[in-house]
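Counting convention: from 1, in listed order, for ligands and their atoms alike. Since we're looking at a predicted model, the values are computed, not measured.
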Amino acid sequence: MIGNDINLAAKLLINGDVIGIPTETVYGLAGNALNEETVLRIFQIKQRPHFDPLIIHVKDVSEISKYSEEFPDELRHLASLFMPGPLTLLLRKKNNIPDLVTSGSDFVAIRIPAHDVTLQLLQKLEFPLAAPSANPFGYISPTTAQHVADQLGDKIPYILDGGACQIGIESTIIGIENGSITIYRKGGLSIKDIQDNVKSRVVVKDISTSNPAAPGMLLSHYAPRVPLYLDVNHKPKNIDLERCGYIRFKEKLADVSENTQIILSENGDYKEAARKLFAGMRLLDKMDIDYIIAELLPEEDIGIAINDRLRRAATS
Ligand code: TXA
Ligand code: MG
């Protein structure tokens, strides 16, 4: 059931249930992070392998130290600037966070969602919420309550509706390794915003580098069922262009039907493009087409994170 009842949502969570919650990035599949049975349910509902850890969501910066041993100054500074917001910090965990949440890692991923409804919800709870994106493992993340209902509606008692997500792609995950700010997942907060506000070097851990600190950064992710190709080099030969759907940054293609073209932002606004990306992919995935052909954006601002999602969605 989809609804707006924050009290009901809180009651269910206190009872140990798993529900859908809105955030500014994508919808989450949330439960009490301190209750191992609930955490197991999250993995089960999402069909997520246990080696892929969960992010915990807290209501304010002061909560972070309840669950993490250390809070390095530079991360604290970034937290003061960008939390609540699309930023997740990887911090050494305290023992109160079950190993199940972190897949055995000594580090826990923590964020504060910038969403009124979910902040009000967190105020009513005495525990943090573990919440992966509310999609079956490997599929596109949901950016509306209806997206969650479409795939997980029969597995969870409630989806708290907070409207369409304002950021539309997942949070940027960062930590510190050997004194450098390290980006483990490109996301809704741009690399430039991070770099401009720290003295340390910022290192991006590429998806191709082996990366034990972020076991969940699997390559095949965010993928629609219809095979998706990037139009630069990977366009298959001999395909019927009328049987294709298109994801375009700014401009429509003149020679194919309008109905199968998703324009992310006519004005070339990266934020608007991010907001529309996953909903556009889902829309095309429902159509009677054989391929999706996606255009990459310029590699700047959060165009970088959007391209990361498109590459992961692509059929190799
Ligand atoms: O924007 C977001 O971050 C959304 C909303 C719902 O908050 N959540 C989200 O969660 O994207 P999920 O589970 O779909 O992606 C979290 C990623 C995974 O790739 C996981 O491997 C990584 O974060 N992660 C979580 N905890 C980690 C940890 N302790 N160490 C390394 N990576 C971790
Ligand atoms: Mg996810």
N/O donor to acceptor pairs below 3.5 angstrom from side-chain atoms of residues 196-204, sequence neighbours left out:
unit_1	atom_1	unit_2	atom_2	d
D196	OD2	K192	NZ	2.8
N197	ND2	D193	O	2.7
S200	OG	E74	OE1	2.0
S200	OG	E74	OE2	3.3

State whether E24 and R111 are salt-bridged, where the test is any N-O pair (Lys NZ or Arg NE/NH1/NH2 against Asp/Glu carboxylate O) under 4.0 Å.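 The answer is yes: the pair qualifies as a salt bridge.
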
Pair E170 + R309: basic N to acidic O under 4.0 Å: yes

With nothing but distance in play, are any N or O atoms of [X] less than 3.5 Å from an N or O of ligand 1?
X	answer
T25	yes
Y27	no
S105	no
T23	no

Heavy-atom contacts with [X] under 4.0 Å: which atoms of ligand 1 show up? List them by number with element.
X	value
I173	17 (C), 22 (C), 23 (O)
A109	25 (C), 26 (N), 27 (C), 29 (N)
F107	28 (C), 29 (N)
D52	18 (C), 19 (O), 20 (C), 21 (O)

Under 4.0 Å, heavy-atom basis, I'd like to know which part of [X] is in contact with ligand 1: side chain, backbone, both or neither.
X	answer
A131	backbone
K93	neither
V26	both
R48	side chain

For S141, is there any backbone N or O sitting under 3.5 Å from a side-chain donor or acceptor partner on H147?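 Pair absent, no side-chain N/O of H147 close to backbone of S141.
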
For T143 and V26, indicate whether the former's side chain and the latter's backbone hold a donor-acceptor pair under 3.5 Å. no

Taking atom CG of D116 as the centre, does the number of heavy atoms from other residues, nucleotides or ligands within less than 6.0 Å exceed 12?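 Counting other residues, nucleotides and ligands, CG of D116 stays at 12 neighbours or fewer.
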
Any pair counted as ring pair (Phe, Tyr, Trp, His ring centres under 6.0 Å), so long as it reaches residues 249-281, sequence neighbours left out: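 Residue pairs with at least one partner in residues 249-281: Y222-F278, F249-Y270.
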
Would you say the side chain of I262 lies within less than 4.5 Å of the side chain of L283, judging by non-hydrogen atoms? yes

Determine the sole option in N96, T38, L122, L13 for which the side-chain contact (heavy atoms from CB on, under 4.5 Å) test with F127 is passed. L13

So, is S133 placed with an N/O/S atom under 2.8 Å from the Mg ion (ligand 2), counting both backbone and side chain?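 Checking S133: at least one N, O or S atom is under 2.8 Å.
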
Which is closest to atom 28 (C) of ligand 1 in terms of heavy atoms, T102, L29, L90?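 It is L90 that holds the nearest heavy atom.
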
